[in-house]
Amino acid sequence: MGNVAIIGGTGLTSLADLEIIRREVVQTPYGEPSGALTHGVLCGKEIVFIARHGYGHTIPPHKINYRANLWALKHVGVERIIAIAAVGGIASDFPPKKLAIPDQIIDYTWSRKNTFFEEGLEEVVHVDFTFPYDESLRQILIQACQQAGVEYCDSGTYGATQGPRLESAAEINRYERDGCTMVGMTGMPEAVLARELGMAYATCAVSVNWAAGRSENLITMADIERCLKEGMDGIRAMFAKLVPLL
Ligand code: HPA
């Protein structure tokens, strides 16, 4: 059993290069995960894979059972998580198809189950979240991007929005003033739940569109899908270098 998990986002509901060993349905106290965990071998290393939106990409961001997903991964012994996330680029140096390894996060989501520490507590728990992403995993991701020769930003602030709608141009202006360089819908509470369970967590984001108001065009699903396809080529090239480093 590997101790590394990959959480696949939009555009990554399966890993083509993964030699599947078995699928494991995990029951959790928080309900059902997005799907069975897939145990397999990627580039010679055993890993666990789960598709955040379900294997058929049917679960929207605000309906994902983040607690069940994270609990299931912890339950099978996962210690380190690489999360893949499709995002909109806000910063001018983060155009579509480029990758980024964010180092900060701002949570704009609401009404999501965002903690394991809410019932049956002996005492109130506040986890430290100063640095939301694990720095050593981040450095490994950066090294993998470098070795793969893909375009990437080595830092950035991920603004986590509620979705499923995209943002207004004014909202993106506000997020930029806050310091966000990218915007996505699934970064939270995933990152904090991993922290609460003591698992190292880092994200590789792929820009699939300019955020609202950052280009002359409206955002279409067709454009997103095209960029996603090409962006995922970068992700796959990065994976080939990443896995041996893990
Ligand atoms: N906004 C929020 N989430 C996203 C976007 C976006 O523009 N693109 C991909 N995920």
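Quick caveat, the model's predicted, so the values are computed rather than measured. Numbering of ligands and ligand atoms starts at 1, following listing order.
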Task: R165 and E171 ion-paired at < 4.0 Å - done: yes
Open item on the list: Tell me if the aromatic rings of Y66 and Y30 count as close, with their centers under 6.0 Å from one another.
Closed with: no
- [ ] Could you name each residue pair satisfying salt bridge (Lys or Arg N to Asp or Glu O under 4.0 Å) that touches residues 99-116, not counting sequence neighbours?
- [x] none
- [ ] Please list all pairs passing the salt bridge (Lys or Arg N to Asp or Glu O under 4.0 Å) test where one or both residues lie in residues 224-237, with sequence neighbours left out.
- [x]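 Found K97-E230, D223-R226.
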Task: side chain to side chain donor-acceptor pair (under 3.5 Å) partners for N209, two or more places apart - done: none
Task: Proximal protein residues to ligand 1, non-hydrogen atoms under 4.0 angstrom - done: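 Around ligand 1, where the cutoff is 4.0 Å for heavy atoms, the contacting residues are A86, V87, G88, L166, E167, V183, G184, M185, V208, N209.
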Open item on the list: Is a donor from one side chain sitting under 3.5 angstrom from an acceptor on the other, for R23 and T38?
Closed with: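 T38 and R23 do have a side-chain donor-acceptor pair below 3.5 Å.
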